[in-house]
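Chain A is the first sequence line, chain B the second, and so forth, proteins listed ahead of strands; every chain is numbered from 1. Note that this is a predicted model, so its numbers are computed, not measured.
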There are 2 protein chains.
Amino acid sequence: MGTLRYAILGLLNRRDMSGYDLTKEFETTLAEFWGAKHSQIYPELKALADEGLIAYQIEISGTVLEKKVYSITVRGRTALRTWAETQLKMKSVPKDEFRLQLYFSDCIPPRRRIALLEPQLEQHRALLDHLRENLAGLGQTPPEDEAAFSDYLVLLGGVMREESCCAWLERCIALCRERLEKQ
Amino acid sequence: MGTLRYAILGLLNRRDMSGYDLTKEFETTLAEFWGAKHSQIYPELKALADEGLIAYQIEISGTVLEKKVYSITVRGRTALRTWAETQLKMKSVPKDEFRLQLYFSDCIPPRRRIALLEPQLEQHRALLDHLRENLAGLGQTPPEDEAAFSDYLVLLGGVMREESCCAWLERCIALCRERLEKQ
DNA sequence: TTTAAACATGTCGTAATTGACATGTTTAAA
DNA sequence: TTTAAACATGTCAATTACGACATGTTTAAA
């Protein structure tokens, strides 16, 4: 689908940024639902610039270090809006290696299943805490501002997803323990 | 990571299957958390056989149609168990194009945001119904059998995830409507 | 002043995955 | 008997993505 380009266009639609800045955004703000390494971002920026969807100016940091500051063009904005209004099919495969592992965990001793579940729960709890902090940072009511409101909705989704995931893992652990005690 | 091979080994550990059967499994049972097309499965089967982790026998359907029925070998079982006991890092990026779209939905009119949310909710509700049926099919209490118990845990996770997702989408729609009315 | 972390931009080989191409058989219904 | 759906196995080109390689500057702390 070429989703990466729209992620970049979306970010540049909010503010001008360098490839380095974009990389940071993918590592922090977007990390929750999209990811890209700089090795993927730089070539995509080049392609986008070649197609005229973005443009850049060179800025000098210090005395010599060149920094390319990208901005979205009018054509870029049109492309972004077109994508943003497209009905997306729910991706049927949100690949989840842990669920796959749990699915086949019948081939390991029951105790080890618990040993797999517990660190997963810890990881998801840590993520949940982090997302809750971010959400709290946005205020207690949905923001008025359009961009902040979008952020709020997505963050809310992250919190709810992780709450549900933690609840599931806790339930799994409880069920596994009951089962162990019964036998 | 080469996860596909373990998905195949896991399936063959339950029963002998042809490439075609495996493809069907990926489309049905595993569809919830993993996916693979036949164009990926057939080459992987060849590699797995070359490495001695699986073996196959040729069966004839009808008069001429050759069918390769694969079975897991002792070495395959060892490889599967090793993977099945490995602590997995939570994949930090469960890529979700819809959340990305919603995140950047500040560039479209508020009404269209609702128009994006509603079909998503429909799709997730349909999936939830489907998963609930599957879960009901497994009985009302966690199964005794090891394999069925694993299936149960994963299915439970699918139902909880989709419940949470639907609740989120409903909340988003409600918040968007409130916002529209206020302005 | 040195030195480590952050800033900054790129390329390259490889692996994973998809969709299209390619071909043919068997089964069950019309 | 025809015909459509399901059975059955493969290849190939293109895309997406990652980790490693490669290089150098700037900033702030020790």
Rounding to an integer number of Å, can you tell me how far [X] [atom1] sits from [N] [atom2]?
X	N	atom1	atom2	answer
B/E27	C/dG19	CD	C1'	14 Å
B/K46	D/dC12	NZ	P	12 Å
A/Y42	D/dA20	OH	C1'	16 Å
B/K37	C/dC21	NZ	P	15 Å
B/Y70	D/dA8	OH	P	13 Å
B/I58	C/dT25	CD1	C1'	16 Å
B/L45	D/dG10	CG	P	8 Å

Does the distance from a Lys or Arg side-chain N to an Asp or Glu carboxylate O, for [X] and [Y], drop under 4.0 Å?
X	Y	value
A/R125	A/E122	no
B/R113	A/E146	yes
B/R14	A/D106	yes
B/E118	B/R177	yes

Pair B/W34, B/E25: side-chain N/O donor-acceptor within cut-off below 3.5 Å: no
Donor-acceptor pair between B/R15 and B/S71 side chains, under 3.5 angstrom: no
Worked verdict on B/R112 versus B/S105 for side-chain hydrogen bond (donor to acceptor under 3.5 Å, both in side chains): CA-CA 9 Å; B/R112 306 252 175 131; B/S105 65; over 6 Å; no
Presence of donor-acceptor pair under 3.5 Å, side chain of B/S39 and base of D/dG10: no
Touch class at under 4.0 angstrom, heavy-atom based, for B/K68 against every strand present: sugar-phosphate
Distance, nearest 0.5 Å, that separates CD1 of A/I8 from CG of A/N13: 13.5 Å
Pairs under 3.5 Å (N/O, protein and nucleotides 26-30 of chain C):
unit_1 : atom_1 : unit_2 : atom_2 : d
C/dT26 : OP1    : B/S61  : O      : 3.1
C/dT26 : OP1    : B/T63  : N      : 2.7
C/dT26 : OP1    : B/T63  : OG1    : 3.2
C/dT26 : OP1    : B/V64  : N      : 2.7
C/dT26 : OP1    : B/L65  : N      : 3.3

Short side-chain N/O contact to D/dC7 OP1/OP2 from B/Y20, under 4.0 Å: yes
Lys/Arg cation over aromatic A/W83: A/R5, 6.0 Å, 45° cone: no
Along DNA chain D (nearest heavy atom to each residue), the more 5'-positioned of A/H38 and B/D21: B/D21
Protein and nucleotides 13-16 of chain C: nitrogen or oxygen contacts under 3.5 angstrom:
unit_1 : atom_1 : unit_2 : atom_2 : d
C/dA16 : OP1    : B/G2   : N      : 3.2

Test of ring centre spacing under 6.0 Å for B/F104 and A/Y6: no
DNA chain D base-pair string [pairs: Watson-Crick or G-U under 3.5 Å; |: paired with another strand]: ||||||||||||||||||||||||||||||
A/M17/A/V69 under side-chain contact (heavy atoms from CB on, under 4.5 Å): CA gap, chis, key distance, verdict: CA-CA 5 Å; A/M17 266 184 270; A/V69 180; over 6 Å; no
